[in-house]
Amino acid sequence: MKRTILAALGLATGLAVPAAAQDFKVGMLLPFSGVYASLGNEIETGFNLGIEKFGTETDATFEIVSEDTEVKPPVALGKAKKLILQDKVDVMMGIVSSGVLGAVRDMVHGAGVPLIVANAGNDEATGNNCSPYITRMSFSNGQVNRPMGKWMYEQGIRKVYTLAPDYAAGRQMIGGFTETFTAAGGEIVGQEYTPFQKTQDFGPYLAQAKSSGADAVFVFYAGGEAISFVKQYDSFGLKADLPLYGSGFLTSPLYVNAEGPAAEGVITALHYAPTIDSPENAAFVSAFKEKTGRAPSEFAVHGYDAARALIEATKAGATDRETLANALRKVKFDGPRGTLSIDPATNNIVQPIYVYETVAGDGGQTQKVLAKLPAEADPANGCEMAPVSN
């Protein structure tokens with residue numbers, strides 16, 4: 001599938017326009033089919049909204065060529081090659097799956113094409129596999145969970161049982177939490193990894209958690225697995241005596257209403273919630289609701305802020321692949337999430353983390369922000385960032 005959009009001076013249009021000060025061709029590499037299609041569509045909507053919102057701040061124009069990764073690394077690699085070699089894009093944006101990011105990393109690095117990562121959170125991408133051409137505007141798996149370990153300990157929780165799907169993201173998410181929780185003095189009394197996308201009955205794991213002596217359960221699940229897990233946790237009647245905590249993907253605004261009342265009382269941490277109280281977020285939520293009729297998710301804000309980062313780079317004088325890559329590493333602005341910046345040591349985003357409880361709202365489930373935790377840069381994790389040559 002291919003979509004081409006021309007955005008000039010912030011207005012999306014299907015018509016050709018005269019060349020402006022600088023015309024950038026943007027390759028959008030997202031899943032528009034398969035298990036993560038809803039995430040791809042959400043990121044695309046956010047990105048286009050960001051171009052419309054901030055496009056008037058730059059003289060640059062943006063021609064957007066979209067390709068469907070199908071969430072398949074070999075397919076994504078082929079699409080990346082097409083965008084780079086055939087379409088000759090100046091910059092790429094997207095990537096939902098960490099497996100896809102791993103597949104295209106060497107191609108992107110070798111070709112010297114800047115890539116703005118709008119979702120994939122694998123720690124290695126801004127760790128030992130970092131590249132000066134890859135800038136992440138989303139999150140890293142450890143980043144969104146490390147602050148929660150210390151925070152939960154400060155709430156008086158001393159013993160925790162953890163659960164997550166058995167794949168890289170699941171282990172990295174839980175690893176980030178356990179690192180800080182145990183450092184604070186907490187104890188992990190049980191830790192299980194469930195077969196990824198194959199576990200339909202969480203009952204045996206929930207029984208183990210109940211008998212573990214834990215004060216609380218901390219989990220990472222997302223998408224369909226999150227919906228199933230939250231509903232089964234509630235049906236087991238565990239929440240009253242064994243509170244459920246987790247990474248914010250567990251109760252994402254994208255699908256929390258599918259979880260219904262079962263999600264109420266669950267406390268999670270993430271880099272974005274649509275109820276963050278700030279002028280920047282209020283403007284974003286209002287514009288997104290006008291476009292879609294619903295509140296934005298963390299995936300939408302990834303796309304929105306990726307567009308903003310690209311525009312900020314052009315305002316800083318970027319004119320080609322190399323200057324774009326260098327300018328993206330220096331981006332800093334106040335967005336819906338708060339103050340965002342890029343750590344030049346890793347090219348990973350630095351952002352605050354929000355702890356929120358899912359509560360009943362007028363139109364379904366909503367988020368009550370309990371705490372804003374300070375922004376912290378990820379450790380280098382083996383990243384040795386070489387400069388981009390101009």
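Just so it is clear, the model here is predicted, and its values are computed rather than measured.
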Using 4.0 Å as the upper bound for N to carboxylate O, is an ion pair formed by [Y] and [X]?
| X | Y | value |
| --- | --- | --- |
| Lys291 | Glu52 | yes |
| Lys239 | Asp234 | yes |
| Lys25 | Asp87 | no |
| Glu67 | Lys81 | no |

Notebook entry, point to check: Between Tyr245 and Phe218, is a ring-ring contact (aromatic ring centres under 6.0 Å, His included) present by the stated rule, with each step listed?
Noted result: CA-CA 5 Å; Tyr245 295 80; Phe218 183 91; 7.8 Å; no

Check: Should the pair His109 and Tyr133 be assigned to parallel (<30°), tilted (30 to 60°) or perpendicular (>60°) ring geometry?
Finding: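 Judged by the thresholds at 30° and 60°, the geometry between His109 and Tyr133 is perpendicular.
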
Next item on the list: Specify whether Phe249 and Phe220 have parallel, tilted or perpendicular ring planes, treating 30° as the upper limit for parallel and 60° as the lower limit for perpendicular.
Entry: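 Perpendicular.
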
Item checked: same_hphob_cluster(Val117, Ile84) at 4.5 Å side-chain heavy-atom cutoff ->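 Yes; Ile84 is reachable from Val117 via cluster members.
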
Item checked: Member of Arg136, Glu376, Gln351 meeting the side-chain hydrogen bond (donor to acceptor under 3.5 Å, both in side chains) criterion with Gln143 ->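 Looking at Arg136, Glu376, Gln351, the match for Gln143 under the side-chain hydrogen bond (donor to acceptor under 3.5 Å, both in side chains) is Gln351.
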
Next item on the list: Could you point out which residue of Asp343, Asp123, Asp378 forms a side-chain hydrogen bond (donor to acceptor under 3.5 Å, both in side chains) with Asn348?
Entry: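 Answer after filtering Asp343, Asp123, Asp378: Asp378.
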
Is any side-chain heavy atom of [X] closer than 4.5 Å to a side-chain heavy atom of [Y]?
| X | Y | result |
| --- | --- | --- |
| Met28 | Met92 | no |
| His271 | His302 | yes |
| Gln367 | Tyr354 | no |

Check: Around Glu154, counting heavy atoms of other residues, nucleotides and ligands shown, do more than 12 lie under 6.0 Å from its CD?
Finding: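 Correct, the count exceeds 12.
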
Check: Looking at Val91 and Leu310, what are the two nearest heavy atoms and their distance?
Finding: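 That would be CG1-CD1, 4.0 Å.
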
Check: What do the steps show when you test Lys315 against Glu57 for side chain to side chain contact (heavy atoms under 4.5 Å, CB included), and what is the final call?
Finding: CA-CA 8 Å; Lys315 288 165 61 179; Glu57 298 178 6; 3.0 Å; yes

Notebook entry, point to check: Relative to Phe54, does Arg308 satisfy both conditions: NZ or CZ under 6.0 angstrom from the six-membered ring centre, and within 45 degrees of the ring's axis?
Noted result: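 Yes - Arg308 lies over the ring of Phe54, closer than 6.0 Å to its centre and within 45° of its axis.
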
Checklist line | Tyr153 six-ring face occupied by Arg158 cation (under 6.0 Å, within 45°) | finding: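 Geometry flag: set, cation within 6.0 Å and 45°.
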
Next item on the list: Would you give the length of the straight line joining atom CD of Gln155 to atom NZ of Lys150, rounded to the nearest 0.5 angstrom?
Entry: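 It is 11.5 Å, given to the nearest 0.5 Å.
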
